[in-house]
Amino acid sequence: DEHEIITTGSIGISFYPEDADNAVDLIKYADTAMFQAKQAGRNGYQFYTKKFNQQALTKIRLESALRRALKKNDFEIYLQGQQELDSHLLIGAEALLRVRRGELSSISPAEYIPIAEESGLIVDIGDWVFSEVCRLLRHWYDNNLLPLGFKRIAINISPVQFERHDFIKKIQQCIQETCVPVQHLEIELTESSLQESTHSVIEKLVSIKAIGINIAIDDFGTGYSSLSRLKQFPIDLLKIDRSFVADICGNESDMAIIKAIISMASALDIGTLAEGIETQEQADILETLQCSQGQGFLFSKPVNTENFEAILASVKKSSKSILESVA
């Protein structure tokens, strides 16, 4: 029909007898190598190596471990505090996923979260995290544990979870069931979640804001968000990626990038929070650049909910002492 169609090939290659001595295994290994060629960008070739088999087995093992952890309720929430850089006040925390026991308890979430996303398990895991944070916040609110100035608990939302058609419906249902004070909830989305400035994406963000939940962009600076795109989104906070913060003391390029992000955010009336702050020198430079908030090991490592409640109680007690002394 006079349409020009351009095709490319992804090729996987296995050898006899080095890789296998029978046709069935040779074809299986060539197929494995072909998928590696596709993952490497397509339109290329890849030779089979034994590491591909090991990678596939590792993926299967971790996916099974995730399913078991979800079924046995082995997940738990850890919280890492966030504070204002000038006043040093605790203003919030980020909710982080951890596993109590089993194989996943000794593995970094960075290893199994991508597998959870690829398998679709991240949807159920994400629903559990959101529900658990709502329950925690309600408990703290009912027991008057939130100190003065405490703004938020931030919840990471996977692009897979955000793209679901029932995402808004599920968070609304959870909020209704827990009666959580929504003003203390914040949803963190990656830049990749917002790459497409489609009507549906903007509509979801507007719906989230209408519920009363704050919105942050996580790991900002690693994606390709433009000024025109950010203008369309009702964003409350940009979280500056830790990769820029790590070398801010000796790398002028990283300092220039952070300075540009802060300036852009300020022009759009969006707050900024720097991730991965580990030294006082980093904190001082960020404060000088007018980054208002920070998070990192300098202030607090991630702790379980029981220990974080102790931190809340300590902050609330010290705040009360200050107020009493002023009175």
Would E63 and R67 satisfy salt bridge (charged side-chain N to carboxylate O under 4.0 Å, His left out), going step by step from the backbone distance to the final call? CA-CA 6 Å; E63 184 177 334; R67 291 185 186 279; 3.0 Å; yes
When you look at Q161 and K170, which way does the side-chain hydrogen bond (donor to acceptor under 3.5 Å, both in side chains) test go after all the steps? CA-CA 11 Å; Q161 187 182 2; K170 281 192 172 183; over 6 Å; no
Evaluate side chain to side chain contact (heavy atoms under 4.5 Å, CB included) for F297 paired with Q80, printing each intermediate quantity in order. CA-CA 9 Å; F297 284 1; Q80 184 174 31; 3.7 Å; yes
Take E281 and I248 through the test side chain to side chain contact (heavy atoms under 4.5 Å, CB included) and record every step on the way to the result. CA-CA 9 Å; E281 188 178 4; I248 192 174; over 6 Å; no
Starting from the C-alpha separation in whole Å, work towards a yes-or-no answer on side chain to side chain contact (heavy atoms under 4.5 Å, CB included) for F299 and L85. CA-CA 10 Å; F299 313 125; L85 294 180; 3.7 Å; yes
Would Q173 and E177 satisfy side-chain hydrogen bond (donor to acceptor under 3.5 Å, both in side chains), going step by step from the backbone distance to the final call? CA-CA 6 Å; Q173 182 179 349; E177 289 174 354; 3.2 Å; yes
Could you go through L237 and Q293, starting from their C-alpha distance and side-chain angles, then the distance that decides it, and tell me whether this counts as side chain to side chain contact (heavy atoms under 4.5 Å, CB included)? CA-CA 10 Å; L237 186 73; Q293 303 165 34; 4.0 Å; yes
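Partners of N144 under the side chain to side chain contact (heavy atoms under 4.5 Å, CB included) rule, at least two apart in sequence or in another chain, are K316. Residues that satisfy the salt bridge (charged side-chain N to carboxylate O under 4.0 Å, His left out) test with K72, not counting sequence neighbours, are absent from this structure.
Atom CE of M34 and atom CD1 of I27 lie 12.0 Å apart (nearest 0.5 Å). With rounding to the nearest 0.5 Å, the separation of CD1 in I155 from CG in D218 is 13.0 Å. If you take CG on L97 and CD on E76, they are separated by 9.0 Å, rounding to the nearest 0.5 Å. Distance check, rounded to the nearest 0.5 Å: OG of S10 to CD of Q36 gives 11.5 Å. Put simply, CG on L289 and CG on D284 are 11.0 Å apart, with the number rounded to the nearest 0.5 Å. Note: L298 CG to E278 CD = 9.0 Å, rounded to the nearest 0.5 Å.
The side-chain heavy atoms of V99 and Y112, taken from C-beta on, include a pair separated by under 4.5 Å. Looking at F220 and D241, their side chains never come closer than 4.5 Å, going by heavy atoms from C-beta outward. A heavy-atom distance below 4.5 Å is not found between the side chains of N307 and I311. Taking the side chain as every heavy atom from C-beta outward, F150 and I91 never approach each other to under 4.5 Å. For the pair F233/I270, no side-chain contact is recorded, criterion being any heavy-atom separation below 4.5 Å from C-beta on. The shortest side-chain heavy-atom distance between L268 and I235 does not fall under the 4.5 Å cut-off. Under the 4.5 Å side-chain criterion, counting only non-hydrogen atoms from C-beta, N156 is in contact with E94. Between L185 and F130, some side-chain heavy-atom pair lies under the 4.5 Å cut-off.
Enclosure of atom CD in Q280 by more than 12 non-hydrogen atoms of other residues, nucleotides or ligands within 6.0 angstrom is indicated. Environment of CD in E18: crowded, with over 12 heavy atoms of neighbouring residues, nucleotides or ligands closer than 6.0 Å. Summarising the local packing, CD of Q290 is surrounded by 12 or fewer heavy atoms from other residues, nucleotides or ligands at distances under 6.0 Å. Atom NZ of K259 sits in a sparse spot, with 12 or fewer heavy atoms from other residues, nucleotides or ligands closer than 6.0 Å. At most 12 non-hydrogen atoms from other residues, nucleotides or ligands lie less than 6.0 angstrom from CG of D269.
Taken together through direct or relayed side-chain contacts under 4.5 Å among Ile, Leu, Val, Met, Phe, Trp and Tyr, I187 and V160 form part of one hydrophobic cluster. Under the 4.5 Å side-chain heavy-atom criterion for grouping Ile, Leu, Val, Met, Phe, Trp and Tyr, I202 is connected to L238 within one hydrophobic cluster. Linking Ile, Leu, Val, Met, Phe, Trp and Tyr residues whenever their side-chain heavy atoms come within less than 4.5 Å leaves I11 and F35 in two separate clusters. Note: the hydrophobic cluster containing I217 does not contain L273 (ILVMFWY, side chain heavy atoms under 4.5 Å, direct or indirect links). In the hydrophobic clustering of ILVMFWY residues, with side-chain heavy atoms under 4.5 Å counting as a link, I107 and Y78 come out apart.
A pairwise comparison of heavy atoms in V245 and G276 identifies CG1-O, 3.9 Å as the closest pair. Nearest heavy-atom pair, C291 versus I240, reported as atom, atom and distance to 0.1 Å: SG-CD1, 4.4 Å. The two atoms that bring I77 and A95 nearest to each other are CG2-CB, 4.1 Å, heavy atoms only. Taking all atoms of both residues into account, the shortest heavy-atom contact from A274 to L286 is CB-CD1, 3.5 Å. Nearest heavy-atom pair, I277 versus G294, reported as atom, atom and distance to 0.1 Å: CD1-CA, 3.7 Å. Summarising the geometry of A265 relative to T272, their closest heavy-atom pair is CB-CG2, 3.5 Å, with the distance given to 0.1 Å.
Partner of D74 under the side chain to side chain donor-acceptor pair (under 3.5 Å) criterion, chosen from R101, R100, R98: R101. Only one option out of Q82, E84, H184 pairs with K151 in a side-chain contact (heavy atoms from CB on, under 4.5 Å); it is E84.
Formation of a donor-acceptor pair under 3.5 Å by the S266 side chain with backbone atoms of I262 is not found in this model. Checking side-chain atoms of T178 against main-chain N and O of C174 turns up a donor-acceptor pair under 3.5 Å. At distances below 3.5 Å, not a single donor-acceptor pair connects side-chain atoms of D21 with backbone N or O atoms of P17. Looking at S105, its side chain does come within 3.5 Å of a backbone N or O of G102 through a donor-acceptor pair. Using modelled atom types, no side-chain atom of K239 and backbone atom of E275 make a donor-acceptor pair closer than 3.5 Å. A donor-acceptor contact shorter than 3.5 Å links the side chain of S207 to the backbone of E203.
Ring-plane geometry between F15 and F47 is classed as parallel, the angle between the planes falling under 30 degrees on a 0 to 90 degree scale with a further cut at 60.
Using a cut-off of 4.0 Å between Lys/Arg side-chain N and Asp/Glu carboxylate O, D25 and K28 are scored as salt-bridged.
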